[in-house]
Number of protein chains: 2
Amino acid sequence: MANVPVQRMSQLMAKTLRDDPADAEVLSHKLLVRAGYVRRTAAGIWSWLPLGKRVLSNVERIVREEMDAIGAQEVLLPAILPREPYDATGRWDEYGPELFRLQDRRGGDYLLGPTHEEIFTLLVKDQASSYKDLPVILYQIQNKYRDEARPRAGILRGREFLMKDSYSFDTEDEGLARSYALHREAYQKIFARLGLDYRICAATAGAMGGSKSEEFLAPAEAGEDTFADCPNCDFAANTEAIAYELKPVDASGVPAAEDIPTPDTPTIETLAASLGVPASATLKNLLVKVDGEIVAVGVPGDREVDMDKVEAHFAPAAVELVTETDFATRPDLVRGYVGPQGLEKVTYIADPRVAPGTAWITGANKAGTHTKNVVAGRDFEVGEYVDVVVVQEGDPCPKCGTGLVLDRAIEIGHIFQLGRKYADALKLDVLGQNGKPVRVTMGSYGVGVSRAVAALAEQSADEKGLCWPQEVAPADVHVVAAGKALQTELALDISEKLAKAGARVLVDDRPGVSPGVKFTDSELIGVPQILVAGRRAAEGVVELKDRRTGEREELTVEEAIARLTA
Amino acid sequence: MANVPVQRMSQLMAKTLRDDPADAEVLSHKLLVRAGYVRRTAAGIWSWLPLGKRVLSNVERIVREEMDAIGAQEVLLPAILPREPYDATGRWDEYGPELFRLQDRRGGDYLLGPTHEEIFTLLVKDQASSYKDLPVILYQIQNKYRDEARPRAGILRGREFLMKDSYSFDTEDEGLARSYALHREAYQKIFARLGLDYRICAATAGAMGGSKSEEFLAPAEAGEDTFADCPNCDFAANTEAIAYELKPVDASGVPAAEDIPTPDTPTIETLAASLGVPASATLKNLLVKVDGEIVAVGVPGDREVDMDKVEAHFAPAAVELVTETDFATRPDLVRGYVGPQGLEKVTYIADPRVAPGTAWITGANKAGTHTKNVVAGRDFEVGEYVDVVVVQEGDPCPKCGTGLVLDRAIEIGHIFQLGRKYADALKLDVLGQNGKPVRVTMGSYGVGVSRAVAALAEQSADEKGLCWPQEVAPADVHVVAAGKALQTELALDISEKLAKAGARVLVDDRPGVSPGVKFTDSELIGVPQILVAGRRAAEGVVELKDRRTGEREELTVEEAIARLTA
């Protein structure tokens with residue numbers, strides 16, 4: 001690497017702020033703005049100032065090196081993309097308002113790429129003709145665009161963000177599994193080098209389609225994902241992706257179903273209180289409309305329905321809650337007293353907790369009446385079992401049964417086995433060994449490069465400010481001139497020597513700024529080593545401080561330089 | 001730099017083509033597509049394949065190093081930008097259809113940045129408060145967007161392209177001159193390292209506004225700019241920017257103006273033929289409308305008006321040619337017989353060649369009649385002198401008078417002294433030394449990073465294909481396995497050794513591809529050194545070929561490795 005010129009803070013375009021920005025809710029947002037790493041340009045749209053850009057480039061370099069190491073080939077596709085391929089896969093419409101769409105001067109439709117499955121598929125269709133041309137992994141590091149409804153949390157969820165996206169192309173399922181495994185290992189190396197604490201969690205595929213998928217989640221308060229961690233075994237999953245096996249129970253001892261008068265109990269709470277039973281003994285039936293058709297969703301009365309899971313199940317169909325109008329047109333649906341038994345013209349899905357043989361108290365489909373001893377599979381049929389409840393702390397681990405621990409986390413990576421969804425839509429075949437066309441199977445893999453910076457800031461910060469791991473930090477050493485001309489001269493001299501020896505140096509040479517302010521700023525900025533030219537500068541003695549531990553040591557200038565360039 | 005893994009062509013996503021793409025007109029477009037460096041994704045929108053991305057990254061690295069060397073600070077601003085600042089400077093409208101505009105989900109107006117003067121101005125306004133915070137130079141390397149009417153020539157003029165743009169901020173004119181000079185030197189170093197042949201030419205500022213501006217032009221057939229080079233002195237200028245001094249002549253000996261009957265001579269050609277005079281003795285008066293007002297433009301009859309120059313002079317007002325309708329409403333304007341003498345309600349501008357004292361034959365503002373001995377400044381007044389003629393080969397050098405030589409060229413860099421245009425529009429002040437606010441003066445500077453790749457391809461290619469300078473090439477060595485298993489094994493072994501020693505290696509290990517095809521491809525791809533494991537592989541003897549000179553030399557494997565890693 002070429003020597004990096006010393007960066008003087010007297011000239012640095014990065015004003016530190018004493019106060020948190022008014023609109024900042026999460027730690028990384030506050031600190032990255034206060035320390036002068038980023039500035040907001042518009043809602044969810046950010047500018048990277050010099051220190052921030054350095055950190056971003058460091059993350060980018062680490063990602064690039066590990067992708068190169070698995071034989072992935074770097075390319076750069078456009079960010080502005082033609083509509084047609086996204087029509088072919090249906091994503092032009094499916095993406096909804098999250099897609100930035102625009103027209104060119106001739107009225108042609110374009111989009112700003114949210115991910116690039118379509119264009120990579122077409123690229124490989126153009127470039128590869130035979131099974132001999134595969135497998136191949138292509139990647140790019142590029143700005144992505146998503147018009148988030150609520151851009152929040154600074155660079156954690158922006159509308160323009162830097163991402164490494166890669167795509168694997170194989171002729172066989174085993175090949176896809178290999179490409180997937182290569183990415184899994186590369187990502188482990190990337191996040192380890194970044195110094196991020198993370199878990200690999202089972203995930204749902206979401207809008208990408210495809211089958212197997214795992215997320216790399218970095219635990220952090222500010223995270224938008226909730227994941228469940230088993231304290232006993234290696235199970236970890238995004239709560240959206242947890243699915244329990246269906247375990248039928250024996251219902252032979254359950255008496256026949258029987259109506260019971262329950263006036264004024266239209267809610268689970270009023271019902272349970274009135275009958276003196278736990279809410280978990282009751283069956284809640286949530287009504288939704290899926291593309292206009294009524295669907296009832298059955299879950300135990302003490303559990304909440306996770307609408308994201310319901311939406312994911314029915315996607316791309318639109319899911320909405322039923323309204324007064326819907327009840328008015330369907331007198332058979334009695335608000336507050338709906339039960340699955342005897343319901344007609346309603347699709348009924350239920351959580352696996354409503355397994356065959358389980359008995360419930362549920363609505364009798366008559367006002368002021370419920371039915372008890374209603375047994376799944378005996379008194380009503382479940383059209384489809386779908387895991388739809390909100391996972392709670394203490395729910396059993398699907399693998400070993402231990403109570404799960406829930407945590408917030410930031411999604412920093414995601415790997416998908418897409419399969420043939422995109423190859424089918426865009427007809428990507430190559431000639432197989434037997435001379436016949438083979439449909440290609442694909443994987444899609446992402447690392448949020450700018451988001452990783454936020455995740456790192458979240459995880460590594462302390463009460464004084466940012467605190468970067470060495471390989472990511474905007475500099476190796478932050479030299480502070482704490483004093484007058486003598487200290488400044490010494491600080492600049494040391495800085496030049498360190499830079500000459502290959503260190504990346506930030507030097508606080510700001511005239512007229514007190515040592516106290518400089519110390520505070522150096523802790524806010526978070527370079528791992530802080531070297532202070534202070535009171536004993538005249539003797540050639542400086543102080544070396546470890547930003548994380550706070551440990552200090554007095555050294556001669558020569559010792560300090562030797563230590564820092566070892 | 002970390003060692004780069006050997007890139008095997010058997011796995012490389014870069015299919016070479018024997019034939020030029022049907023739509024390709026220029027050399028770089030043909031070769032970059034044929035050699036598998038780039039692929040078209042949509043009109044003017046390109047994908048960079050692995051070899052192309054490597055070249056692009058090399059150019060980017062060189063630009064970055066030279067910008068860092070002048071103390072410029074790298075930042076990264078968004079590509080998607082809010083409308084408001086562009087309204088404040090008027091560019092939201094002025095840019096016209098070249099600007100990609102879009103709306104977000106809330107109906108807010110955004111644009112894709114064509115250049116970033118506004119946003120940098122606002123960034124510095126946020127960050128800098130005192131003269132002590134300046135001067136500063138900020139730069140970024142980022143995709144830019146311009147919805148070109150006729151995207152052409154492959155990556156030479158794309159609608160999405162990679163650019164280094166930088167901006168300088170100073171409190172005084174001398175500071176701006178220094179920042180400008182720093183860029184001028186950095187650009188000279190960049191283009192020298194890139195191995196580009198270029199000229200620094202005086203330029204017009206165009207849509208950027210501002211005063212002083214120079215272009216870095218790389219002579220090439222495919223170029224869209226025409227520049228004039230003086231074979232005698234150091235003068236070079238974009239022909240759009242050439243301006244001659246006004247040199248009045250003595251008209252005391254010219255007789256009084258006199259009408260002459262000239263039936264059926266509505267054009268300069270018919271007039272000159274009918275009178276037996278050279279076209280240069282006549283005065284041509286072109287009528288245009290500027291924001292609806294009629295303007296007459298006077299030039300010698302043998303010269304063409306450069307409409308770009310007329311438009312630049314009146315910008316941002318719109319310039320259009322007059323129509324039949326205009327003539328119908330202005331009977332004083334006699335088509336084909338317009339003269340400046342006695343014209344009313346018409347603004348008259350003229351080229352400096354129509355200097356005070358020059359005498360002309362021109363229209364008499366009566367059908368079938370011209371006037372001779374019409375003297376500028378005596379018989380008519382020129383409202384304003386503007387250099388508007390199309391420069392021709394042989395026109396005198398404005399500096400030394402020698403006949404100019406015209407050449408086509410590609411604009412690879414552009415430096416502007418913007419002055420206070422943007423600071424005025426966005427009110428960028430800092431506190432001056434005297435405690436009073438000082439308006440900041442700015443410079444704006446660009447290098448076309450992706451365009452430089454095309455310019456390099458244009459300048460360095462020969463009849464066999466691309467031919468990259470070492471520092472830019474996608475690899476240092478292209479190892480060719482010309483034979484069977486033995487040669488392939490040797491080629492791969494040598495490649496690994498070279499890579500271990502730090503060389504960037506591309507190895508052609510494609511099975512079932514003939515040596516002839518591999519040689520042709522290696523010349524098309526254009527890596528500077530080609531190492532062939534061929535007939536004498538069994539003896540450990542290989543052939544080293546210089547791609548540019550074609551010189552070949554037989555060496556032992558050890559000698560070859562030593563030579564290539566020296």
Exercise. Output the option from B/Pro82, B/Ala128, B/Gly96, B/Gly52 having the highest count of non-hydrogen pairs under 4.5 Å with chain A.
Key: B/Pro82
Quiz item: Which of the residues B/Arg106, B/Glu84, B/Gln11, B/Met13 is involved in the greatest number of heavy-atom pairs with chain A at under 4.5 angstrom?
Solution: B/Met13
Exercise. Identify the two heavy atoms, one from B/Val136 and one from B/Asp133, that lie closest to each other, and give their separation to 0.1 Å.
Key: CB-O, 4.2 Å
Self-check item: Side chain, backbone, both or neither of A/Glu160 within contact of chain B (heavy atoms, under 4.5 Å)
Solution: side chain
Practice problem: Side chain from CB out, backbone as N, CA, C, O: work out which of these in A/Arg105 comes under 4.5 Å of a heavy atom of chain B, or both, or neither. | Solution: both
Quiz item: In terms of heavy-atom pairs under 4.5 Å, which option from A/Leu56, A/Leu76, A/Leu102 contacts chain B the most?
Solution: A/Leu76
Quiz item: With a 4.5 angstrom heavy-atom cut-off, which part of A/Leu112 approaches chain B: side chain, backbone, both or neither?
Solution: side chain
Quiz item: For A/Gln7, is it the side chain, the backbone, both or neither that has a heavy atom under 4.5 Å from a heavy atom of chain B?
Solution: side chain
Quiz item: Between B/Leu99 and chain A, which part of the residue has a heavy atom less than 4.5 Å away: side chain, backbone, both or neither?
Solution: neither
Quiz prompt | Interchain contact, A/Leu51 with chain B, by part (heavy-atom threshold 4.5 Å) | solution = neither
Practice problem: Measure the shortest side-chain to side-chain distance between A/Ile80 and B/Arg159 over non-hydrogen atoms and say whether it is less than 4.5 angstrom. | Solution: no
Quiz item: So what's closer than 4.5 Å to chain A heavy atoms on B/Leu122: side chain, backbone, both or neither?
Solution: neither
Self-check item: Ionic contact status for A/Glu65 with A/Lys189, cut-off 4.0 Å
Solution: no
Quiz prompt | salt bridge (Lys or Arg N to Asp or Glu O under 4.0 Å) involving A/Arg510 - partner list, sequence neighbours excluded | solution = A/Asp508, A/Asp521
Practice problem: To the nearest 0.5 Å, tell me how far A/Glu98 CD sits from A/Tyr145 OH. | Solution: 15.0 Å
Self-check item: Side chain / backbone / both / neither for B/Leu49 at chain A, heavy atoms under 4.5 Å
Solution: both
Quiz item: Which pairs with one or both residues in residues 40-62 of chain B pass ring pair (Phe, Tyr, Trp, His ring centres under 6.0 Å), sequence neighbours excluded?
Solution: B/His29-B/Trp46
Quiz prompt | Selection from A/Glu148, A/Gln103, A/Gln140 maximising heavy-atom pairs under 4.5 Å formed with chain B | solution = A/Glu148
Quiz item: So, for A/Arg39 and A/Gly36, which heavy atoms are closest and what is the spacing to 0.1 Å?
Solution: NH1-CA, 3.9 Å
Practice problem: Give, as side chain, backbone, both or neither, the part of A/Ile119 having an atom under 4.5 angstrom from any heavy atom of chain B. | Solution: side chain
Quiz item: So, are A/Arg61 and A/Glu471 salt-bridged, with charged N and O less than 4.0 Å apart?
Solution: yes
Quiz prompt | Residue part contacting chain B, namely of A/Pro97, when any heavy atom lies under 4.5 Å | solution = both
Quiz item: Which is it for B/Arg54 and A/Glu74 under the salt bridge (Lys or Arg N to Asp or Glu O under 4.0 Å) test, yes or no, and what are the steps along the way?
Solution: CA-CA 8 Å; B/Arg54 287 179 174 210; A/Glu74 186 172 10; over 6 Å; no
Quiz item: Is the closest side-chain heavy-atom distance between A/Leu77 and A/Phe120 below 4.5 Å?
Solution: yes
Practice problem: Output the option from B/Lys132, B/Gln73, B/Arg8, B/Arg101 having the highest count of non-hydrogen pairs under 4.5 Å with chain A. | Solution: B/Gln73
Quiz item: Are the charged groups of A/Lys500 and A/Glu496 less than 4.0 angstrom apart, N to O?
Solution: no
Quiz item: Which of the residues A/Ile45, A/Leu123, A/Val38, A/Val75 is involved in the greatest number of heavy-atom pairs with chain B at under 4.5 angstrom?
Solution: A/Val75
Exercise. Tell me, out of B/Ala149, B/Ser10, B/Ala69, who's got the most heavy-atom pairs with chain A below 4.5 Å.
Key: B/Ala149
Quiz item: If you tally heavy-atom pairs under 4.5 Å against chain A, which of B/Leu162, B/Leu12, B/Leu81, B/Asp68 wins?
Solution: B/Leu12
